[in-house]
There are 2 protein chains.
Amino acid sequence: METTDAIDAFAALAQPTRLEAFRRLVRAGPEGLPAGTVARALETPANTMSTHLAILERSGLVTSRREGRLVYYAASFDRVRDLVGFLIEDCCAGNPDMCDAITGIAATARCC
Amino acid sequence: METTDAIDAFAALAQPTRLEAFRRLVRAGPEGLPAGTVARALETPANTMSTHLAILERSGLVTSRREGRLVYYAASFDRVRDLVGFLIEDCCAGNPDMCDAITGIAATARCC
DNA sequence: TCAATATTTCCAGTATCGTCGAAGTATGGA
DNA sequence: TCCATACTTCGACGATACTGGAAATATTGA
């Protein structure tokens with residue numbers, strides 16, 4: 001991952017509506033959710049949400065696919081992994097006991 | 001972690017100078033680096049870097065301590081863990097095989 | 001007490017971003 | 001072909017952010 005990619009991803013998440021939308025997509029899993037469903041859930045006008053989802057997609061954090069007249073957006077877990085990896089790259093440089101804090105991510109996220 | 005805390009943290013990382021500064025602090029480990037060292041490494045004026053480090057500190061991503069006339073800044077690994085945990089919270093909702101992507105974070109980061 | 005070093009705060013100019021009304025595009029059904 | 005639904009793009013206003021010169025603060029040593 002390049003620095004500019006990481007900047008785009010963090011900027012995408014640094015906005016309340018987009019962060020909340022992304023977290024909903026994370027919880028929705030791989031199938032994702034239609035744009036309209038996200039917009040209604042967050043009580044945001046469709047065009048505003050469309051702009052936000054487009055920004056999330058350009059950042060690589062979500063993907064989209066059309067099904068009939070619905071456009072489904074889904075979180076990209078691979079991208080999240082790469083982003084976090086980029087952020088903490090070489091954090092312990094061969095010093096395993098230094099990063100206990102990091103290994104607890106899954107537990108903190110109630111993940112897996 | 002509250003949504004506003006996460007917004008502040010992502011906003012702090014969504015800026016090239018700050019992101020690079022933070023990554024240097026991550027590699028520097030728990031001791032951290034003096035403000036001036038970071039400023040010179042990134043070829044950024046001291047006052048500009050001071051502003052950026054203050055933003056990182058307010059976001060909780062770094063901590064600071066004074067040692068003589070030097071102010072050391074250090075990355076907060078706990079905060080990173082909480083931030084990532086917040087982002088992917090409930091990503092697999094009892095579906096362990098769904099989040100293979102996440103479990104590879106440590107490997108991606110060459111961590112531990 | 002004075003000077004040098006390290007860092008922070010103040011301030012203002014420029015640029016970028018979030019929002020949403022209005023108009024445009026795409027899909028499916030009648 | 002026409003209409004309704006779903007979503008996106010355009011455009012412009014107001015708000016917020018990045019930068020760095022200048023001045024202020026903190027620490028150490030002479």
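Quick caveat, the model's predicted, so the values are computed rather than measured. Here is the naming used below: chain letters follow the sequence lines, and residue numbers restart at 1 for every chain.
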*From B:Phe77 CZ over to A:Cys91 SG, what is the distance, rounded to the nearest 0.5 angstrom?*
5.0 Å
*With rounding to the nearest 0.5 Å, note down the distance linking CD in A:Glu57 to CD1 in A:Ile55.*
11.5 Å
Check for a donor-acceptor pair, side chain of [X] on one end and backbone N or O of [Y] on the other, with a separation under 3.5 Å.
X	Y	result
A:Arg66	A:Gly68	yes
B:Arg27	A:Ile88	no
B:Thr48	B:Thr44	no
B:Arg40	B:Leu42	no
A:Thr37	A:Leu33	no

*For A:Asp5, which residues count as a salt bridge (Lys or Arg N to Asp or Glu O under 4.0 Å) partner, sequence neighbours excluded?*
none
_For nucleotides 24-30 of chain C, give me one character per nucleotide, 5' to 3': B if any protein heavy atom sits under 4.0 Å from the base, S if the only such contacts are to the sugar-phosphate, - if neither._
---BS--
*Test the A:Arg24-A:Tyr73 pair against the cation-pi criterion, namely NZ or CZ under 6.0 angstrom from the six-membered ring centroid and within 45° of the ring axis.*
no
*asked:* Quick check for you: name the first and last nucleotides of DNA chain D, 5' to 3', having an atom under 4.0 Å from a heavy atom of chain A.
replied: D:dA4 to D:dT9
_Testing the basics here: between A:Pro34 and A:Leu70, what is the closest heavy-atom pair and its distance to 0.1 Å?_
CG-CD1, 4.1 Å
*State plainly whether the residues A:Asp78 and A:Arg81 are in salt-bridge range, i.e. N to O under 4.0 Å.*
yes
Ignoring hydrogens and angles, write down the donor-acceptor pairs under 3.5 Å from the side chains of residues 6-22 of chain A, residues two or more places apart or on other chains.
residue: A:Gln15; atom: OE1; partner: A:Thr17; partner atom: N; Å: 2.9
residue: A:Gln15; atom: OE1; partner: A:Arg18; partner atom: N; Å: 3.1
residue: A:Arg18; atom: NE; partner: A:Ala12; partner atom: O; Å: 2.7
residue: A:Arg18; atom: NH1; partner: A:His52; partner atom: ND1; Å: 3.2
residue: A:Arg18; atom: NH2; partner: A:Ala11; partner atom: O; Å: 3.1

*asked:* Does A:Glu31 have more than 12 heavy atoms from other residues, nucleotides or ligands lying within 6.0 Å of its CD?
replied: yes
*Could you give the CG-to-C1' distance, from B:Leu33 to C:dT7, as a whole number of Å?*
15 Å
*Which part of the nucleic acid, if any, lies within reach of A:Tyr72 when heavy atoms closer than 4.0 Å are counted: base, sugar-phosphate only, or nothing?*
nothing
*Under 4.0 Å from any atom of DNA chain D, heavy atoms only: list the residues of residues 4-26 of chain A that qualify, in numerical order.*
none
*Can you sort out which residues in residues 46-56 of chain B have a heavy atom within less than 4.0 Å of DNA chain D? Ascending by number, please.*
B:Asn47, B:Thr48, B:His52
